[in-house]
Amino acid sequence: MKIKELEKKLSSKKISSAELTQNYLKKIKELNPKLNCYISLCEEIALAQAKASDERRTKGKSVGPLDGIPIALKDIFITEGIKTTCGSKILHNYIPPYDGTTSIAFKKAGAVLLGKLNMDEFAMGSSNEFSAFGPVRNPWNLEYIPGGSSGGSAAAVAADLCVATMGTDTGGSIRQPASHCGIVGLKPTYGRVTRYGITAFASSLDQAGPMTKNVEDCALLMNVVAGYDPKDSTSLNVPVPDYTASLGKPVKGLKLGLPKEYFVEGIDNEVAQSVRDAAKKFEELGAVIQEISLPHARYAVPTYYIIAPAEASANLARYDGVRFGHRSKNPKDLLELYESSRTEGFGPEVSLRIIIGTFVLSTGYYDAYYLKAQKVRTLIKKDFLDAFKKVDAILAPTAPTPAFKLGEKTDDPLQMYLSDIYTIPVNLAGLPGLTLPCGFSKKGLPIGMQLIGKHLDEERLFQLGFAYEQATEWHLKKPSL
Amino acid sequence: MKESIKKVAHLARLKPTPSAGEKLVQKAKSIIDFVEQLKNLDTSKIEATSHAIDITNAFREDTVQKFEGTKKILENAPNHYENLFEVPKVIDEN
């Protein structure tokens, strides 16, 4: 059910937030053993928040459309007094002493926090198999991965184990799992949503955004989380529009670009066909489709696998077993305390990325790898800026294939990395990208398409996404569990 | 390459077991080989991008803000003595 429909039920007293929350908690307990979406539930807090919301409504003091709505957060969002693991053994016992800005924003909006969602360790992964708390399964077929790193978030929304959630996206971690689970996900413009209180992975790329059942819910969540935060030095101090205002506006005459480089080798036929069919649908709605070129697209993945590990290796230096998190038992000296705590606490993928990052930043290699990658990043960004001189937005696949099977790519990092081939360029350029369902494979797995916009042009993406959603029924299909 | 990777593992304060280390070296090598393809591009006249959005340093007034969460921070500490984090002895008495 849409947030606005739930809000109507709550305000007309057809259901209370307490009842709604209890229904969700019951459903989570029933289905979570199958899916493993939740790392922790905060039942008591949720029921107290729901009760408080019901009291506000009785007094006619509702604080907005999210008041009393049960949500959940990826376990990368810092929540005061609620265990926040980031999917890692090294933070298995970490209880944050403060709330991140996004956690505060949801509290102010009156939302009910059901719990914290599973993810690849430190958001490094594309299948949610690199979580210290076990893999998440795809609600459409339990033998398949849900995507990653926000795999718990995507699966929870698809299986209706929360109304909506927030993920984070460094190279596709909102959009790729959203597409694999048949839901809507937005990676906003870099700087649009605060990073204060999300555990850092690669700071120049990390961006938080909503993951929801439909475009309207996504816009409603953006109204809650977007905006300037003095606690994040890269937060953009520009006015925030009402993101629901562009919903329902016609798309006639808008120009959409199809990047020719995205439809070559490596793309699954069913995915390519679904995105081309979506382009036809946009034409029927009056939009103009034209081919564009992003000539440096093929260099995005190698560029990312220099920049992201480099930043990660610096960000993850703080986990040393001294002030918080896992500490190895009986170290003989300080060096052994650092080495053993980190080696025991980090999983193999995180260790691999720390090593790559340290390597590309080390003496003698910095210019050849890190500086080189930053220069190629300039070329990748320029490709997009050139394209946006000709079109209003770009239409692309979100992932090259539908979800793959558990275990299929865990031993081959390069194969795993290539599942983010269409999402990574968007992070490197700092652009907003909206994914929404546009079809199903013959095996019954969801396919997503991606709308990429100009910097700070999320409204246009919502306008286009909403128009497409109204004209199709993909978003109404639900997995049977 | 193998020795370089082992050296950076030490710099990053990681000490994998021999078998885990072999796997890490093998995977790291395949990724480093993969990113080598950037060398095909001439970037001699290109500026580096460290941030996708043009931003300048964000300065603020240097004012004291009261912090009262010391207890909560210490509750997360693996070992602490009063208001101090405890670690193995760093200075050798001899």
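Just so we're on the same page: letters track the sequence lines, and every chain starts at 1. Keep in mind that this is a model prediction, so the values were computed, not measured.
- Only the side chain of Pro413(A) comes within contact range of chain B, with at least one heavy atom under 4.5 Å from a heavy atom of that chain.
- Separation of atoms CZ (Arg13(B)) and CG (Leu335(A)) is listed at 5.0 Å; rounding is to 0.5 Å.
- Looking at Ala317(A), neither its backbone nor its side chain comes within 4.5 Å of chain B, counting heavy atoms on both sides.
- Gln37(B) and Tyr299(A) make their closest contact through O-CE2, 3.7 Å (heavy atoms, listed as atom of the first residue, atom of the second, distance).
- Here the CG-CG distance, from Leu41(B) to Leu379(A), works out to 6.5 Å after rounding to the nearest 0.5 Å.
- Looking at Arg298(A), both its backbone and its side chain come within 4.5 Å of chain B, counting heavy atoms on both sides.
- Checked by atom type and distance alone, the side chain of Lys381(A) pairs as donor or acceptor with a backbone atom of Ala52(B) at under 3.5 Å.
- Between Ser50(B) and Gln374(A), the closest side-chain pair of non-hydrogen atoms falls below 4.5 Å.
- Using modelled atom types, no side-chain atom of Arg327(A) and backbone atom of Val87(B) make a donor-acceptor pair closer than 3.5 Å.
- Put simply, of Lys332(A), His455(A), Lys382(A), Arg377(A), the one with the most heavy-atom pairs under 4.5 Å next to chain B is Arg377(A).
- For the set Thr303(A), Leu371(A), Asn93(A), the entry with the most heavy-atom pairs within less than 4.5 Å of chain B is Thr303(A).
- Shown here is Asp54(B), whose CG atom has no more than 12 heavy atoms of other residues, nucleotides or ligands within 6.0 Å.
- Near-neighbour residues of residues 228-237 of chain A relative to chain B, defined by a heavy atom under 4.5 Å from a heavy atom of that chain, comprise Ser233(A), Thr234(A), Leu236(A).
- Of the atoms belonging to Ala12(B), heavy atoms from both backbone and side chain fall under 4.5 Å from chain A.
- Other residues, nucleotides and ligands contribute at most 12 non-hydrogen atoms within 6.0 Å of the OH atom of Tyr81(B).
- Contact of His296(A) with chain B is made through the side chain alone, with heavy-atom distances under 4.5 Å.
- Minimum interatomic distance between Pro78(B) and Gly325(A) (heavy atoms only, all atoms of both residues): CG-O, 3.7 Å.
- Under a cut-off of 6.0 angstrom, the local environment of NZ in Lys2(B) is sparse, with at most 12 non-hydrogen atoms contributed by other residues, nucleotides or ligands.
- Across Leu24(B) and Pro348(A), no two heavy atoms sit closer than the pair CD2-O, 3.9 Å.
- One distance of note links CG of Leu14(B) with CG of Leu352(A); it measures 10.5 Å at 0.5 Å rounding.
- Between chain B and the options Asp333(A), Asn427(A), Leu428(A), Val322(A), the largest number of non-hydrogen pairs under 4.5 Å is found for Val322(A).
- Between the CD1 atom in Ile355(A) and the CD1 atom in Ile31(B) there is a gap of 10.0 Å [rounded to 0.5 Å].
- Thr378(A) places a side-chain N or O within donor-acceptor distance of the main-chain N or O of Glu47(B), the cut-off being under 3.5 Å.
- Residue contact with chain A, scored on non-hydrogen atoms closer than 4.5 Å, is absent for Glu75(B).
- Neither the backbone nor the side chain of Glu336(A) comes within less than 4.5 Å of any heavy atom in chain B.
- In this structure, the portions of Asp411(A) lying under 4.5 Å from any heavy atom of chain B include both its backbone and its side chain.
- Qualifying side-chain hydrogen bond (donor to acceptor under 3.5 Å, both in side chains) partners for Ser351(A), counting only residues two or more places apart in sequence or in other chains: none.
- Under the 3.5 Å distance criterion, the side-chain polar atoms of Thr343(A) are matched with a main-chain donor or acceptor of Lys15(B).
- Chosen from Leu74(B), Thr17(B), Leu38(B), Asn79(B), the residue pairing most often with chain A at heavy-atom distances under 4.5 Å is Leu38(B).
- For a residue to count as touching a neighbouring chain, one of its non-hydrogen atoms must lie under 4.5 Å from one of that chain's; by this rule Tyr304(A) does not touch chain B.
- In this structure, the side chains of Val35(B) and Val360(A) stay at 4.5 Å or more apart for every pair of heavy atoms.
- Using a 4.5 Å heavy-atom cutoff, the side chains of Tyr369(A) and Lys39(B) are in contact.
- The distance from atom NZ of Lys89(B) to atom CG of Leu334(A), rounded to the nearest 0.5 Å, is 13.5 Å.
- Proximity to chain B is absent for every atom of Tyr98(A), based on heavy atoms less than 4.5 angstrom apart.
- Atom CG of Leu418(A) and atom CZ of Phe34(B) lie 5.0 Å apart (nearest 0.5 Å).
- For the pair Ile95(A) and Lys72(B), the minimum side-chain heavy-atom distance is 4.5 Å or more.
- Between chain A and the options Ile73(B), Ile32(B), Val90(B), heavy-atom pairs under 4.5 Å are most frequent for Ile32(B).
- Between chain B and the residues Ser341(A), Pro97(A), Ala373(A), the most heavy-atom pairs under 4.5 angstrom are made by Pro97(A).
- Interface check for chain B: of the options Val376(A), Leu361(A), Ile307(A), the most heavy-atom pairs under 4.5 Å are formed by Val376(A).
- Only the side chain of Lys23(B) comes within contact range of chain A, with at least one heavy atom under 4.5 Å from a heavy atom of that chain.
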